Amino acid sequence: YVKGFVTDIGGRTSHSAIMARSLEIPAVVGTKEVTQVIAEGDMVIIDGLQGDIIIRPDEETIAVYKEKAAAFKEQQLEWAKLKDSKSLSKDGKQIEIAANIGTPKDLTGVIENGAEGIGLYRTEFLYMDSEDFPTEDEQYEAYKAVLEGVNGQAVVVRTMDIGGDKELPYLQLPEEMNPFLGYRAVRISLAETEMFRTQLRALLRASVHGKLRIMFPMIATVNEFRDAKAILDEEKAKLEAEGTEVSNEIQVGIMIEIPAAAVLAHQFAKEVDFFSIGTNDLIQYTMAADRMNERVSYLYQPYNPAILTLLKHVIDSAHAEGKWVGMCGEMAGDQTAVPLLLGLGLDEFSMSASSVLKTRSLVAKLDSKEMEKLANKAINECATVEEVIALVEEMQELIK
Ligand code: PEP
Ligand code: MG
């Protein structure tokens with residue numbers, strides 16, 4: 001029943017904002033003070049596309065926004081024509097546009113929007129929706145439902161990423177000064193291995209029902225990846241010894257969301273099957289700007305040349321080892337970033353299902369060779385994020 005929401009706190013990549021995007025609920029977050037300005041009973045227009053809120057609008061403004069809403073619906077119908085198309089650039093380069101999900105219930109949006117598989121299944125919501133640790137069988141059922149629900153397309157399942165802004169009421173973790181820099185994700189998995197092994201067993205059992213890819217979050221060192229992979233291999237061997245069938249085609253990759261992993265991507269690339277770049281965290285750690293903190297949100301700069309330089313190194317390193325690279329952070333569906341990412345050679349773009357068709361439509365207008373020049377120019381000649389935005393806008397004017 002929720003038609004929209006606005007908040008004082010948070011940023012574009014807070015998980016409440018990400019969930020709103022996938023549920024297609026208009027939302028504006030991080031206004032700092034909106035709750036002090038809106039009174040009970042006020043009419044509010046929420047323009048989630050522009051990030052604008054209009055409180056107590058007059059008749060004329062209401063009419064303008066009704067028209068805007070109708071134009072957006074029409075635009076969506078236009079995009080919907082691309083539902084069953086491949087994702088091709090103007091010069092015929094094929095990429096994959098996949099969707100991010102948090103629960104098997106999100107599959108409806110994935111199918112409706114013609115996503116090419118799942119680039120990120122955030123499994124921690126399975127834990128957060130539960131009163132206690134979900135059992136191996138409960139997890140198996142959820143993973144099987146997702147693998148079967150996408151008609152043979154690939155599904156990248158991320159092992160649980162609890163911590164940061166995602167808490168589990170039944171997992172008592174000590175309070176920390178900096179939760180985003182603390183005990184989180186694979187750091188918990190490698191310490192509380194029983195919980196990790198249960199998840200891996202459920203995943204391995206489900207692997208026979210589709211095209212499974214397993215990914216570990218918040219990897220900072222090569223040894224963390226080796227340790228996690230060793231546990232996965234042990235559980236696979238145990239299941240097989242018990243006579244349980246497990247797929248031999250499972251790809252195992254990591255999220256690149258810690259600058260240390262991005263910088264050392266050329267070493268990681270020798271050992272993993274793929275990378276998925278988590279820009280939500282990678283940007284906050286590179287810029288030292290909390291993704292949840294509206295006071296430093298101006299530093300949350302996906303197109304900063306520093307970020308683009310890191311991305312280029314990650315993508316080139318993977319390609320040098322014959323591995324593919326996806327991106328599952330919100331940047332993958334950002335319309336200013338897409339031309340740059342296409343130019344950098346990103347293979348898979350994974351985003352909220354609601355952004356898939358709009359992105360496919362944008363990619364069809366872009367020449368991949370031209371975008372390569374654009375990305376290189378941004379990296380080699382731009383000093384500021386404003387300069388990069390100006391470059392992209394200039395290009396967008398030309399292709400209009
Ligand atoms: C990311 O960090 O970009 C990411 C996709 O993971 P999450 O948003 O769940 O931290
Ligand atoms: Mg992350």
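For clarity, every value in this text was computed on a predicted model and none was experimentally measured. Atoms within each ligand, like the ligands themselves, are counted from 1 in listed order.
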| task | Could you give me the CA-CA distance, side-chain angles and deciding distance for H209 and Y140, then say whether ring pair (Phe, Tyr, Trp, His ring centres under 6.0 Å) is met? | result | CA-CA 10 Å; H209 299 289; Y140 164 79; 5.8 Å; yes
| task | Answer yes if the side chains of E116 and S87 hold a donor-acceptor pair under 3.5 Å, and no otherwise. | result | yes
| task | Pick, from K166, E330, M331, R158, the option with the minimum heavy-atom distance to atom 6 (O) of ligand 1. | result | R158
| Just how far is it from atom CG of L282 to atom CD1 of I277, taken to the nearest 0.5 Å? | 7.5 Å
| said: Hydrophobic clusters here meaning ILVMFWY residues chained together by side-chain heavy-atom distances under 4.5 Å, can you tell me if V186 and L173 are in one? | reply: yes
| Parallel under 30°, tilted from 30 to 60°, perpendicular over 60°: which one fits the rings of F274 and W324? | parallel
| field | Contact check, side chains of L203 and Q199, non-hydrogen atoms, under 4.5 Å | value | yes
| What atoms of ligand 1 come closer than 4.0 angstrom to any heavy atom of C328? | 5 (C)
| ligand 1 contact by R291, heavy-atom criterion under 4.0 angstrom | yes
| message | Set out, in order, the CA-CA distance, both residues' side-chain angles and the distance that settles ring pair (Phe, Tyr, Trp, His ring centres under 6.0 Å) for F225 and F268, then state yes or no. | response | CA-CA 9 Å; F225 170 71; F268 280 101; 7.3 Å; no
| Proximal ligand 1 atoms for D281, defined as those under 4.0 Å from one of its heavy atoms | 1 (C), 2 (O), 3 (O), 10 (O)
| When you measure from the side chain of T221 to the backbone N and O of E224, does any donor-acceptor pair fall under 3.5 Å? | yes
| query | Relative to ligand 1, is L120 under 4.0 angstrom through side chain, backbone, both or neither, heavy atoms considered? | reply | side chain
| Hey, is ligand 1 close enough to T279 that some N/O pair sits below 3.5 Å? | yes
| What part of R184 sits under 4.0 Å from ligand 1 if we count only heavy atoms: the side chain, the backbone, both or neither? | side chain
| task | Can you spot which of R291, R184, H15 makes a side-chain hydrogen bond (donor to acceptor under 3.5 Å, both in side chains) with D165? | result | H15
| Against heavy atoms of R122, which atoms of ligand 1 measure under 4.0 Å? | 4 (C), 5 (C), 6 (O), 7 (P), 8 (O), 9 (O)
| request: Establish whether L88 and M351 are linked, either directly or via other cluster members, by ILVMFWY side-chain heavy-atom contacts under 4.5 Å. | output: no
| said: Can you name the atoms of ligand 1, numbered from 1 with element, that are less than 4.0 Å from a heavy atom of G278? | reply: 1 (C), 2 (O), 3 (O)
| request: Answer with yes or no whether the side chains of Y65 and E60 bring together a donor and an acceptor at under 3.5 Å. | output: no
| field | Numbered atoms of ligand 1 (with element) below 4.0 Å of E257, judged on heavy atoms | value | 1 (C), 2 (O), 6 (O)
| Listed protein N/O/S atoms, distance to the Mg ion (ligand 2) under 2.8 Å | E257 OE1, D281 OD2
